[in-house]
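Order of appearance sets the numbers: ligands from 1, and atoms from 1 within every ligand.
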Amino acid sequence: MPKTYQFDVLIIGSGAAGLMGAIQLSEDLSIALIAKDQLLEGSSYYAQGGISAVLDSADDFNSHIQDTIKTGFDLGNEQSIRFMVEQAPNAIKDLEKAGVEFSHQGKEYDLTTEGGHSAKRVAHVSDKTGQSVQTNLLAQVRQKSNITLFEHHTAIDLLMKDKQCFGAYVYDKKNDRVFSFISSKTIIATGGASKAYLYTSNPDTSTGDGIAMAYRAGCEIINMEFAQFHPTCLFHPHAKSFLISETLRGEGAKLTLPNGEPFMHKYDEREEMAPRDIVARAIDHEMKTHGFDCVYLDLSFKDSHWIVERFPTITKRCLALGVDICSERIPVVPAAHYTCGGVGADMNAQSNIDNLYAIGEVAHSGVHGANRMASNSLLECLVFAKTCAKHINKNERQIDDLPTFEDWDASRVEHSQEKVVVSHLWHEVRRLMWNFVGIVRSDRRLQSAQRRLAQIQKEVNDYYRLYILTEDLIELRNLVQTAQIIVESALSRKESRGLHFTLDYPEQLESAHNSVITKTS
Ligand code: FAD
Ligand code: SIN
């Protein structure tokens with residue numbers, strides 16, 4: 001078996017961003033698409049709510065742009081937002097071409113709404129939008145002979161020479177070997193970092209790998225303090241990270257305390273339709289003030305046939321866990337959901353390192369600012385995957401001139417007899433982030449987290465040097481690195497804005513600025 005592969009383009013990640021990028025790349029390019037789990041595993045597959053786009057004659061681009069800017073607390077980049085919003089109807093068409101059948105009412109899209117949107121503009125496939133997007137995009141990718149798929153392959157670190165990127169070292173889990181994937185262009189599409197928190201709506205893949213790899217390679221990492229908490233994840237001992245879509249609130253569901261009292265009117269005049277940061281903080285406040293384990297979401301006043309048809313996935317999953325959403329309230333809690341910051345990327349998805357691109361949740365494309373508006377994320381994946389591919393298609397190929405790299409050297413390490421160290425530190429990081437770097441922050445708690453994370457990183461680095469690589473170790477190393485970046489970004493922001501709320505600086509500063517972290521800073 002070779003130790004080295006060569007491709008024109010290496011795409012790391014097979015979520016909506018990675019798959020759409022692969023589809024849009026020219027068919028005369030050789031492409032490797034790698035994923036650390038099965039190809040469909042990742043946040044994209046679990047997306048429920050939908051994709052925002054101006055598709056109704058009563059809506060307009062300006063309104064989508066202004067809602068996005070306002071929800072992002074004026075930190076978003078207006079040029080990038082305008083581009084994304086104006087491309088949204090085309091993104092929906094691209095998906096329809098791939099076979100996605102959006103829900104309709106008669107001939108019109110069945111558009112719904114979510115927090116922050118001032119119009120109905122969320123197109124969906126009942127409550128399984130992500131599943132439909134992913135299965136259809138993957139089917140398209142599989143038809144292309146220039147794309148080679150590698151599942152259960154985990155990128156470890158980027159291959160760098162003279163400050164340029166030429167691919168990555170990749171761990172093949174099934175064969176327990178490390179390969180060099182050498183490429184002319186590399187696209188990071190690894191998703192977010194919400195697994196840095198103890199409670200999350202995300203699948204296990206969201207460990208911040210792309211952010212940590214890009215940081216180690218010298219990329220600018222922007223606005224990582226803005227960790228988004230989704231207000232409503234199912235609260236149940238056997239429901240690992242199951243989301244209760246915001247579109248339930250879009251369809252009128254009410255949040256209540258255990259005694260049935262509504263409470264959102266105390267926090268925002270938009271009540272249940274306030275943006276996520278406000279709803280999540282309100283729930284957190286009620287839970288902490290009264291010592292409740294959860295609050296409740298009630299849609300049971302709606303017709304049960306309609307509920308089952310509109311929300312088949314949520315109805316089924318809740319029922320399997322003993323909650324009949326047609327007749328009872330759903331116990332919910334906030335959980336880490338989305339990473340608004342990420343690898344700095346321009347309108348072509350280019351990072352500050354030559355040949356290296358970032359698309360999807362891993363990227364900071366400037367469209368979310370201090371708080372992402374619901375259903376703008378899949379949209380961002382699709383739009384910037386396309387501009388990224390266009391940029392690569394236009395640029396000359398250099399596959400014949402690619403540099404060589406040393407094979408991965410595993411000769412100095414041995415099998416660990418102490419894997420408990422990895423699992424212990426993994427849990428410690430996630431609990432620490434939940435307790436000290438969560439919905440409400442303070443300098444004191446952030447500084448404690450920073451001190452402990454620095455010690456943990458040292459322990460992980462020692463372990464990494466001594467023992468043979470495993471996927472858990474790769475992920476732990478990245479999780480700790482990303483957690484440190486989140487804390488450093490949070491400490492650098494001396495204000496409260498959007499998702500970053502700190503007791504020490506409760507006011508928002510007049511001028512908005514990005515926080516930028518690089519390895520040398
Ligand atoms: P992902 O879909 O997360 O894919 C990441 C890929 O990278 C995976 O293939 C993974 O295996 C791979 N990967 C990661 N690290 C490595 C590595 N080291 N080596 C190799 N491969 C790696 N957004 C919306 O707009 N609308 C919604 O309705 C919506 N609902 C959501 C519901 C849930 C439950 C969740 C969790 C998120 C939801 N979001 C929604 C957010 C949205 O789904 C994600 O932001 C988006 O899907 C991210 O896509 P992505 O392609 O960037 O990453
Ligand atoms: C949801 O369905 O609530 C998730 C939507 C999103 O994260 O954009």
Student: Report yes or no: does S206 have a heavy atom closer than 4.0 Å to ligand 1?
Tutor: no
Student: Could you find the nearest protein heavy atom to atom 36 (C) of ligand 1 and give me its residue, atom name and distance?
Tutor: N202 ND2, 3.3 Å
Student: Give me the nearest non-hydrogen protein atom to atom 2 (O) of ligand 1 as residue plus atom name, then the distance to 0.1 Å.
Tutor: S44 OG, 2.5 Å
Student: Against heavy atoms of S375, which atoms of ligand 2 measure under 4.0 Å?
Tutor: 6 (C), 8 (O)
Student: Counting non-hydrogen protein atoms only, what is the nearest one to atom 18 (N) of ligand 1? Give residue, atom name and distance.
Tutor: D209 OD2, 2.8 Å
Student: One residue to check: S377. Relative to ligand 1, which of side chain, backbone, both or neither has a non-hydrogen atom less than 4.0 Å away?
Tutor: both
Student: Number the atoms of ligand 1 from 1 as they appear, then name those within less than 4.0 Å of a heavy atom of A189, with their elements.
Tutor: 5 (C), 6 (C), 7 (O)
Student: Which atoms from ligand 1 have a heavy atom of A17 less than 4.0 Å away?
Tutor: 51 (O)
Student: Which heavy atom of S52 sits nearest to which heavy atom of H117, and what is that distance?
Tutor: CB-CE1, 3.6 Å
Student: After noting the C-alpha distance and the side-chain angles of R249 and E271, does the key distance pass the salt bridge (charged side-chain N to carboxylate O under 4.0 Å, His left out) rule?
Tutor: CA-CA 10 Å; R249 280 179 281 132; E271 302 188 6; over 6 Å; no
Student: Test your reading of the structure: does A374 have an N or O sitting under 3.5 Å from an N or O of ligand 2?
Tutor: no
Student: Suppose I only count heavy atoms of I12 and a 4.0 Å limit; which atoms of ligand 1 are within that range?
Tutor: 19 (N), 20 (C), 21 (N)
Student: Is E380 close enough to touch ligand 1? Criterion: a residue heavy atom under 4.0 Å from a ligand atom.
Tutor: no
Student: Testing the 3.5 Å rule here: is there a donor-acceptor pair between the side chains of S63 and S118?
Tutor: yes
Student: Taking a cutoff of less than 4.0 Å between a non-hydrogen atom of the residue and any ligand atom, is Q134 in contact with ligand 1?
Tutor: no
Student: In terms of the angle between their ring planes, are Y338 and H368 parallel, tilted or perpendicular, with boundaries placed at 30° and 60°?
Tutor: perpendicular
Student: What protein heavy atom sits nearest atom 25 (O) of ligand 1, and how far away is it?
Tutor: L378 N, 2.8 Å
Student: Pull out every atom of ligand 1 sitting under 4.0 Å from any heavy atom of A16, numbered as shown with elements.
Tutor: 51 (O)
Student: Report, in ascending order of atom number, the atoms of ligand 1 lying under 4.0 Å from any heavy atom of S201.
Tutor: 34 (C), 36 (C)
Student: Got an N/O contact under 3.5 Å between A155 and ligand 1?
Tutor: yes
Student: Using distance alone, determine whether C381 and ligand 1 share an N or O pair under 3.5 Å.
Tutor: no
Student: Name the orientation class of the two ring planes belonging to W434 and F229 (parallel below 30°, tilted from 30 to 60°, perpendicular beyond 60°).
Tutor: perpendicular
Student: Would T129 count as a contact residue for ligand 1, given that I'm defining contact as a non-hydrogen atom of the residue lying under 4.0 Å from a ligand atom?
Tutor: no
Student: Could you tell me, atom by atom, which parts of ligand 1 come under 4.0 Å of a heavy atom of Y338?
Tutor: 45 (O)
Student: Quick check for you: to the nearest 0.5 Å, what is the distance between H124 atom NE2 and E114 atom CD?
Tutor: 9.5 Å
Student: Suppose we measure from atom 2 (O) of ligand 2 to each protein heavy atom; which comes out shortest, and what is that distance?
Tutor: S245 OG, 2.7 Å
Student: Please tell me whether Y169 and F179 form a close aromatic pair, meaning their ring centres lie under 6.0 Å apart.
Tutor: no
Student: Backbone or side chain, does any N or O of R276 fall under 3.5 Å from an N or O of ligand 2?
Tutor: yes
Student: Side chain or backbone of Y45 under 4.0 Å from ligand 1, or both, or neither, by non-hydrogen atoms?
Tutor: neither
Student: Under 4.0 Å, counting heavy atoms only: does M373 come that close to any atom of ligand 1?
Tutor: no
Student: Would you say T154 touches ligand 1, if touching means a heavy atom closer than 4.0 Å?
Tutor: yes
Student: Identify the two heavy atoms, one from L95 and one from M20, that lie closest to each other, and give their separation to 0.1 Å.
Tutor: CD2-CE, 4.3 Å
Student: For ligand 2, note which part of L243 has a heavy atom under 4.0 Å away: side chain, backbone, both or neither.
Tutor: side chain
Student: Give the contacting part of L243 toward ligand 1: side chain, backbone, both or neither, where contact means a heavy-atom distance below 4.0 Å.
Tutor: side chain
Student: Identify the protein heavy atom lying closest to atom 11 (O) of ligand 1, giving its residue, its atom name and the separation to 0.1 Å.
Tutor: K36 N, 3.4 Å
Student: Out of curiosity, is Q228 lining ligand 2, as in a heavy atom under 4.0 Å away?
Tutor: no
Student: Compare every heavy atom of S180 with every heavy atom of D407, then report the nearest pair and how far apart it is.
Tutor: OD1-OG, 4.4 Å
Student: Would R121 and D59 count as a salt bridge (charged side-chain N to carboxylate O under 4.0 Å, His left out) here? Give the steps.
Tutor: CA-CA 8 Å; R121 64 168 76 96; D59 193 10; 2.9 Å; yes
Student: What are the two closest non-hydrogen atoms of A389 and G21, and how far apart are they?
Tutor: CB-O, 3.9 Å
Student: Tell me whether the rings of F7 and F150 are parallel (<30°), tilted (30 to 60°) or perpendicular (>60°).
Tutor: perpendicular
Student: Could you tell me which atoms of ligand 2, counted from 1 in the order shown, lie closer than 4.0 angstrom to a heavy atom of G49?
Tutor: 2 (O)
Student: Decide salt bridge (charged side-chain N to carboxylate O under 4.0 Å, His left out) for D209 and R477; before the verdict, give the C-alpha distance in whole Å, the side-chain angles of both, and the deciding distance to 0.1 Å.
Tutor: CA-CA 9 Å; D209 296 5; R477 177 173 174 245; over 6 Å; no
Student: Under 4.0 Å from a heavy atom of S14: give me the atoms of ligand 1 that qualify, with their elements.
Tutor: 6 (C), 8 (C), 9 (O)
Student: Once you measure the plane-to-plane angle for H238 and H236, does it fall in the parallel (<30°), tilted (30-60°) or perpendicular (>60°) bin?
Tutor: tilted
Student: Would you mind finding which of A47, G208, G50, G191 brings a heavy atom closest to atom 26 (N) of ligand 1?
Tutor: G50
Student: What are the atoms of ligand 2, with element, lying closer than 4.0 Å to any heavy atom of H230?
Tutor: 1 (C), 3 (O), 4 (C)
Student: What about Y357 and H391, are their ring centers closer than 6.0 Å?
Tutor: yes
Student: Do any heavy atoms of G130 fall under 4.0 Å from ligand 1?
Tutor: no
Student: With a 4.0 Å cut-off, would you call E96 and K93 a salt bridge?
Tutor: no
Student: Where do T482 and A212 come nearest, in terms of heavy atoms and distance?
Tutor: OG1-CB, 3.9 Å
Student: Taking all heavy atoms of I187 and all of C388, pick out the closest pair and write down the distance.
Tutor: CD1-SG, 3.7 Å
Student: Which bit of H124 is near ligand 1, meaning a heavy atom under 4.0 Å away: side chain, backbone, both or neither?
Tutor: neither
Student: Measuring from R310:CZ to E251:CD, what's the distance to the nearest 0.5 Å?
Tutor: 5.0 Å
Student: Give yes or no for whether the N/O distance cutoff of 3.5 Å, strictly under, is met between T247 and ligand 2.
Tutor: no
Student: Below the 3.5 angstrom mark, is there an N/O of G42, backbone or side chain, next to an N/O of ligand 1?
Tutor: no
Student: Near E361, which atoms of ligand 1 are under 4.0 Å from a heavy atom of that residue?
Tutor: 44 (C), 45 (O), 48 (C), 52 (O)
Student: Which value, rounded to the nearest 0.5 Å, describes the distance between I353 atom CD1 and C219 atom SG?
Tutor: 4.0 Å
Student: Parallel, tilted or perpendicular: which describes the rings of F226 and H500, with under 30° parallel and over 60° perpendicular?
Tutor: perpendicular
Student: Taking only heavy atoms of E114, which atoms of ligand 2 are found under 4.0 Å from at least one of them?
Tutor: 1 (C), 2 (O), 3 (O), 5 (C)
Student: Around atom 3 (O) of ligand 2, find the nearest protein heavy atom and jot down its residue, atom name and distance.
Tutor: E246 N, 2.6 Å
